[in-house]
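So the structure is just underneath, and the comments pick up after that.
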Amino acid sequence: MPYTPFPAKSTNGIHYFAEGWRLVSRPGIKRYVFLPLLINMLLMGSTFWWLFSQLGDWLPAMLSHIPHWLQWLSYLLWPLVVISVLLVFGYLFSTITNLIAAPFCGLLAEQLEGHLTGKPLADTGIFGIVKDLPRVMAREWRKLAYYLPRALLLLALYFIPGLGQTIAPILWFLFSAWMLAIQYCDYPFDNHKVSFADMRRALRQYKADNVQFGTLVSLFTIIPILNLVILPVAVCGATAMWVDRYRAQFVRS
């Protein structure tokens, strides 16, 4: 069934997240979903199994930084601390998973774009990805270089008694949502060799919608079972967003 692009004004991040779930099972695409899905299931499954086994020891240690006169807030803050830990580890291991799966995620985005537009990319397929592997991996390191200084600054906030445990989880959640939008939207952008800086400028045109999309990906990344399948879904949703909103800016027909 032909894909009909949606006007930007009629869509938002929720729409493209839902599109990802629909497109991931599109005929002709499912075989490209298998490898990213397998890598994600193995790495995210083992990571979160280990993480949940450690939370019982970590939470008291983290809450011990709260001053005695604010101990009454512990019952209110511990859910924020739990969510923060899950988000930190969710994004960290999502980044590692994406680093390993990057060539296959790029291939999935490439094939899906070809199906949606009816215009396959040049050098399409696995041989094109192998040829571009050094560039693809360099791009992943570029994203990591953008992420790390900002993540370390946010993590430092956690050590400010009271204030850190209250504000840092909110800031971390928003930052994780933005980074996940960057992470998954980057696959179709990079397939067209759009620079990382140009991609970020383009994403800022619809920043609220991209944070909305990243927020949903973040939430599903920390939900057991669902986090095992979220990687290819997010790639498909981000690719649909690229086709509707950004492709015309960077690709000549």
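Contact check for T11 versus R245: side-chain heavy atoms found under the 4.5 Å cut-off. When side chains are defined from C-beta on, C236 does not count as touching E19, because their heavy atoms never get closer than 4.5 Å. Inter-residue side-chain proximity for Y246 and L203 is flagged as met; some heavy-atom pair is nearer than 4.5 Å. Between L108 and V24, every side-chain heavy-atom pair lies at or beyond the 4.5 Å cut-off. In this structure, V194 and Q249 have side chains that are not in contact, with every pair of non-hydrogen atoms separated by 4.5 Å or more. In this structure, the side chains of Y187 and E110 stay at 4.5 Å or more apart for every pair of heavy atoms. Side chains of V229 and W21 form a contact here, defined as non-hydrogen atoms less than 4.5 Å apart. Side-chain contact check for I170 versus I167: every heavy-atom pair is 4.5 Å or farther apart.
Atom CZ in R204 sits 9.5 Å away from atom CE in M199 (nearest 0.5 Å). Note that NE2 of H192 and CG of D198 are 14.0 Å apart. Values are rounded to the nearest 0.5 Å. The distance from the CG atom of L154 to the OG atom of S176 is 8.0 Å, given to the nearest 0.5 Å. In this structure, the separation between CG on L174 and OG1 on T215 is 7.0 Å, given to the nearest 0.5 Å. For the atom pair CG of L37 and CG of L231, the computed distance is 8.5 Å after rounding to the nearest 0.5 Å. A distance of 10.0 Å separates CZ of R200 from NZ of K207, quoted to the nearest 0.5 Å.
Every residue meeting the side-chain contact (heavy atoms from CB on, under 4.5 Å) condition with S25, not counting sequence neighbours, appears here in chain and number order: K30. With sequence neighbours excluded, no residue forms a salt bridge (charged side-chain N to carboxylate O under 4.0 Å, His left out) with R150.
The pair R247-E113 meets the salt-bridge criterion, with a side-chain N (NZ, NE, NH1 or NH2) lying under 4.0 Å from an Asp/Glu carboxylate O.
In this structure a side-chain-to-backbone donor-acceptor pair under 3.5 Å is missing from D190 to K193.
Smallest separation of non-hydrogen atoms from V33 and P232: CG1-CB, 3.7 Å. In terms of heavy-atom proximity, V136 sits nearest to P103 at CG1-N, 4.2 Å. Annotation for N210 and C185: closest pair OD1-SG, 4.1 Å, computed over non-hydrogen atoms. Of all non-hydrogen atoms in I29 and H115, the two that sit nearest each other are CD1-CD2, 3.6 Å. Closest heavy-atom contact between A109 and T239: CB-OG1, 3.4 Å.
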Step-by-step side-chain contact (heavy atoms from CB on, under 4.5 Å) determination, F220 to F17
CA-CA 11 Å; F220 276 66; F17 185 74; 3.6 Å; yes
Given side-chain hydrogen bond (donor to acceptor under 3.5 Å, both in side chains), test D209 with Y16 step by step and report yes or no.
CA-CA 9 Å; D209 289 345; Y16 287 109; over 6 Å; no
Take L23 and L112 through the test side-chain contact (heavy atoms from CB on, under 4.5 Å) and record every step on the way to the result.
CA-CA 8 Å; L23 293 171; L112 179 58; 4.2 Å; yes
Could you check R142 against M137 for side-chain contact (heavy atoms from CB on, under 4.5 Å), going step by step and ending with a plain yes or no?
CA-CA 9 Å; R142 177 69 185 85; M137 299 312 291; over 6 Å; no
Decide ring-ring contact (aromatic ring centres under 6.0 Å, His included) for F175 and Y147; before the verdict, give the C-alpha distance in whole Å, the side-chain angles of both, and the deciding distance to 0.1 Å.
CA-CA 9 Å; F175 176 63; Y147 163 77; 5.8 Å; yes
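Aromatic ring pairs are classed by plane angle as parallel below 30°, tilted from 30° to 60° and perpendicular above 60°; the pair F250 and W242 is parallel.
The six-membered or imidazole ring of Y32 lies away from that of F104, with a centre-to-centre distance of 6.0 Å or more.
For the side chain to side chain contact (heavy atoms under 4.5 Å, CB included) with F213, the lone residue among V217, L216, V211 that qualifies is V217. Of the options W178, F196, W141, a ring pair (Phe, Tyr, Trp, His ring centres under 6.0 Å) to Y146 is made by F196 and by none of the others.
Counting only residues at least two apart or on different chains, the salt bridge (Lys or Arg N to Asp or Glu O under 4.0 Å) pairs with a member in residues 173-186 are R139-D186, K143-D186.
Note on L153: it does not cluster hydrophobically with W172, by side-chain heavy-atom contacts below 4.5 Å among ILVMFWY residues.
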